[in-house]
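For clarity, every value in this text was computed on a predicted model and none was experimentally measured. A note on names: the letters A, B, ... follow the listed sequences, proteins ahead of strands, and every chain is numbered from 1. Values below: every heavy atom of this structure, side chains too, minus hydrogens, waters and symmetry copies.
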Amino acid sequence: MSVTNGVKRKHDESSKDEKHATKRQRLLPSRRALPIWKRASDIRQSLQQHNVLVLSGETGSGKSTQVPQFLLDCAWCRGKIAVTQPRRVAAISLARRVAEEMGTPCGSSSPASKVGYSVRFDESTSPSTRVKFLTEGMLLQEMLRDENMKEYSCIIVDEVHERSVNVDLILGFLKRLVQKRRSTKRPLKVVVMSATADVDSLTKFFESSNRGSAAVNDIHTSSDDIRKRSLDADESIDSADAVSRCYVEGRQYPVKLEYLGTPTDDLLEAALHRIFHIHCKEPMPGDILVFMTGQEAIQSLQKLAEEYAEGLTKEYPRILVLPLFAALPQSSQQRIFQPAPLNTRKVILSTNIAETSVTVPGVRFVVDTGKAKMKQFRNRLGLDSLLIKQISKSSADQRKGRAGREFPGQCYRLYTEDSYNKLENDNTPEILRCDMSEALLKMKARGIEDVMNFPFLTSPPREALEKALLQLLQLGALEEDGSISAIGRQLARLPLTPSLGRVIFEASRPERNCLPEVIDIASCLSVESIFLNVDTEEIREQAQIARGQLLRRQGDHLTLLAAVQAYAAERSDRRQWAERHLISHRAMQSVMDVRKQLTAQCRAANLLKGLTTQEASTAPDEGKQEQILKCFLRGFSGNVARLCPDHSYKTFVGNQTVAIHPSSVLFGRKLEAILYNEFVFTNKAYARGVSAIQVRWLEEVLEA
DNA sequence: GAGCACTGC
């Protein structure tokens with residue numbers, strides 16, 4: 001029997017191999033037609049001579065799928081190739097595509113698979129993996145665990161122009177790692193891929209020598225290494241240190257551009273006018289994609305457009321208005337992919353989500369309001385502001401390009417050519433807009449002692465770094481001398497902000513003894529809101545009743561705990577439970593994923609012993625409630641406000657006025673003092689994720 | 001008395 005099974009298995013495998021091989025052959029012609037194909041030998045040759053290649057290419061050049069395949073059989077490439085992506089879906093779909101092209105199974109489906117991927121909650125690789133697509137966050141985590149990244153011969157950093165903090169950190173780390181491995185038997189090759197033509201700053205970044213300071217800063221080097229390096233520092237830049245560059249044209253359909261003759265102060269009106277001008281004049285088919293700032297504007301325009309459409313005579317095609325933003329339930333988002341009914345034109349009203357994350361099919365016309373909501377962290381106030389800003393030129397061009405993906409298209413900018421010319425060239429890198437404490441902790445965990453002299457592609461202001469250092473010191477993540485503490489080392493590995501991570505640690509202390517509960521709450525606070533938007537009075541009342549048993553008068557933290565415990569206890573139909581309570585099932589599923597991950601990590605770090613999460617899932621008594629809130633106070637001691645005689649809340653630190661956000665269960669309540677998870681400025685300064693606390697708790701928590 | 005763009009570990 002075992003013999004026949006063996007024969008059968010062998011037969012299955014060889015037929016699978018055949019299938020893979022045919023597919024590979026079938027895909028070859030389209031690969032050869034890609035603009036990047038004729039640059040293959042250039043690219044191979046330049047990495048033969050140099051360690052770093054800066055590759056710029058517009059959309060459609062094929063760089064993300066082809067470059068890893070070009071490099072795989074180079075003599076220097078004996079290890080793996082990593083390819084980073086900003087988004088999970090991109091990492092997974094690229095891995096599948098490249099596996100097909102190479103004629104190999106994808107990921108963990110077979111031990112012979114040469115191509116895999118690694119994203120949070122989903123690692124799919126095999127012992128034979130040579131090319132691994134992974135999110136930037138995953139590569140960073142690997143870089144914290146393995147200092148030299150020895151298993152990799154090459155790291156390809158894609159979509160660098162998006163300039164996430166993670167990509168900036170990766171580039172800084174890689175610059176040092178290339179130097180470190182350059183004279184070893186296995187030098188590290190780095191390919192930096194970017195859409196914009198701004199290769200100069202990237203080239204300069206990798207070319208400028210940091211060997212002198214690196215020898216001093218790198219605490220992980222032995223004294224031997226340092227001696228060797230100070231010798232190296234005297235050498236002039238040899239050819240391996242030079243950075244080669246390459247430009248590949250893209251493949252896009254042409255897009256005709258039209259500006260407004262005179263500026264408008266009513267963008268909704270202008271958009272409405274433009275939509276119906278296109279609709280009544282342009283032949284079918286051809287959908288319209290409108291870029292707007294946010295949910296509110298989208299819903300207003302949707303209403304206006306639907307009203308207007310009712311007044312159109314029968315001779316015109318019908319119109320289907322579809323909103324698109326991230327907070328929209330998945331099922332509503334899916335509607336943009338379904339074909340419109342007969343004789344109907346789709347009009348998609350979208351946020352920035354359609355600029356990079358979602359590709360809307362069938363679009364011939366783009367209408368661009370030229371604005372977007374952008375987050376900016378104010379170091380001095382410790383507050384995030386989310387304000388409507390003008391987009392950059394590259395963002396405007398990206399939006400325009402969305403009309404030329406499948407056919408020649410048209411783009412209407414609801415601003416003048418003059419105002420386009422005055423826009424910033426590029427988006428502000430995230431590193432200039434965010435709280436630096438998480439990034440700084442990662443740097444410390446990778447052995448960067450002197451963070452002020454870290455090779456940043458763009459340096460954040462000194463104040464941002466100082467604020468972050470202070471914050472980490474206050475959390476106990478750093479020692480007094482600025483070196484990373486044992487706690488800090490563990491926090492850097494947790495998929496949480498340093499503050500939330502610190503809360504987890506606090507909860508594991510025997511006198512607090514509430515880690516499972518705190519994990520539940522921290523999981524909620526680290527994903528999108530679990531409570532569905534309630535936008536009409538009617539639904540709001542409905543939600544009040546439906547969520548009744550879950551709401552806790554102590555505040556949002558304990559309300560979130562009640563929701564997770566009730567959801568976890570639901571064994572029959574969780575989706576239905578979520579619907580009944582007007583809670584997002586999608587968000588709840590990610591909460592459960594995070595909860596599982598955090599529980600496993602706490603177990604591994606020996607913070608969580610014995611008890612299972614299920615056993616702990618009972619409603620906390622008053623004593624435990626106090627312990628839970630005190631843990632949050634340890635991580636968020638800067639996010640505390642007290643009630644003033646004028647009935648407003650003022651922060652303890654900085655004496656800023658802050659209002660409880662309408663989404664909080666404590667909205668409208670007057671309490672001695674509040675603790676909050678987030679301090680956000682939109683129309684005014686709001687506290688989100690709020691709980692009632694007693695002022696005297698602060699001393700106790702901060703003393704320990 | 002009134003509301004958060006988008007990613008990611």
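- Nucleic acid contact for Val119(A): sugar-phosphate only, since backbone atoms but no base atoms lie under 4.0 Å from a heavy atom of the residue.
- Taking atom NZ of Lys389(A) as the reference point, atom P of dC6(B) lies 17 Å away to the nearest angstrom.
- The residue Leu494(A) sits close to a base: some heavy atom pair falls under 4.0 Å.
- Nearest nucleotide to the side chain of His661(A), out of dA5(B), dC9(B), dC4(B): dC4(B).
- The aromatic ring centres of Phe454(A) and Phe173(A) sit less than 6.0 Å apart.
- Taking a 6.0 Å sphere around NZ of Lys596(A), one finds it holds 12 or fewer heavy atoms contributed by other residues, nucleotides or ligands.
- Note on Ile353(A): only backbone sugar-phosphate atoms sit closer than 4.0 angstrom, heavy atoms only; bases stay farther off.
- Among the candidates Asn427(A), Asp426(A), Thr458(A), the single residue satisfying the side-chain contact (heavy atoms from CB on, under 4.5 Å) test with Arg163(A) is Thr458(A).
- Relative to the side chain of Pro662(A), the nucleotides dA5(B), dA2(B), dG8(B) differ in distance, and dA2(B) lies closest.
- Among the heavy atoms of the strands, none lies under 4.0 Å from Ser164(A).
- Residue-to-nucleotide proximity on DNA chain B shows that, of Arg120(A) and Met374(A), the 5′-proximal contact is made by Met374(A).
- Closest to the side chain of Thr135(A), out of dC6(B), dG8(B), dC4(B), is dG8(B).
- Taking atom CG of Asn352(A) as the reference point, atom C1' of dC6(B) lies 7 Å away to the nearest angstrom.
- For Ser194(A) and Glu159(A), the side-chain atoms include no donor-acceptor pair closer than 3.5 Å.
- Within 6.0 Å of CD in Glu528(A) there are more than 12 heavy atoms belonging to other residues, nucleotides or ligands.
- Within the nucleic acid shown, Glu678(A) comes within 4.0 Å of at least one base atom, counting heavy atoms only.
- When rounded to the nearest whole Å, the span between CD1 of Ile504(A) and C1' of dC9(B) equals 14 Å.
- At a threshold of 4.0 angstrom between heavy atoms, the contacts of Leu140(A) with the nucleic acid are absent.
- No engagement by Arg493(A) is indicated, since no non-hydrogen atom pair under 4.0 Å with the nucleic acid exists.
- Residue order along DNA chain B, read from the 5' end via each residue's closest nucleotide, puts Lys684(A) first among Lys684(A) and Lys442(A).
- Remark: C1' of dA5(B) and CD of Glu296(A) are 13 Å apart, rounded to the nearest angstrom.
- When heavy atoms are screened at a 4.0 angstrom cut-off, Met138(A) is found touching the sugar-phosphate backbone but no base atom.
- For the pair Asn166(A) and dC9(B), the criterion of a side-chain N or O lying under 4.0 Å from OP1 or OP2 is not met.
- Whole-Å rounding puts the Glu438(A) CD to dC9(B) C1' distance at 8 Å.
- Cation-pi geometry between Arg433(A) and Phe377(A) is not satisfied (NZ or CZ under 6.0 Å from the ring centre, within 45° of the ring normal).
- Regarding Phe325(A), its CZ atom lies at a distance of 13 Å from the P atom of dC4(B), rounded to whole Å.
- Phosphate contact (OP1/OP2 of dC6(B), side-chain N/O of Thr351(A), threshold under 4.0 Å): present.
- The number of heavy atoms from other shown groups lying within 6.0 Å of NZ (Lys303(A)) does not exceed 12.
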- Task: Applying side chain to side chain contact (heavy atoms under 4.5 Å, CB included), run through Met292(A) and Leu301(A) and close with a yes or a no.
- Result: CA-CA 10 Å; Met292(A) 310 193 55; Leu301(A) 185 57; 3.4 Å; yes
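- Residue-level contact check: Asn683(A) touches the backbone only, with heavy atoms under 4.0 Å from sugar-phosphate atoms and none from bases.
- Contact annotation: Thr293(A) does not reach the phosphate of dA5(B) (side-chain N/O to OP1 or OP2, under 4.0 Å).
- Checking dT7(B), dA2(B), dC9(B) against the side-chain heavy atoms of Ala326(A) singles out dT7(B) as nearest.
- With hydrogens and angles ignored, a donor-acceptor pair under 3.5 angstrom links the side chain of Arg688(A) to the base of dC4(B).
- Between Tyr686(A) and the phosphate of dC4(B), there is no side-chain N or O to OP1/OP2 separation shorter than 4.0 Å.
- Here dG8(B) presents its C1' atom at 10 Å from CZ of Arg87(A), a figure rounded to the nearest Å.
- Residue Gln295(A) contributes atom CD, which lies 14 Å from atom C1' of dA2(B) at whole-angstrom precision.
- Taking CZ from Phe133(A) and CG from Leu94(A), the interatomic distance works out to 5.0 Å, rounded to the nearest 0.5 Å.
- Of the residues in residues 424-436 of chain A, none has a non-hydrogen atom less than 4.0 angstrom from any atom of DNA chain B.
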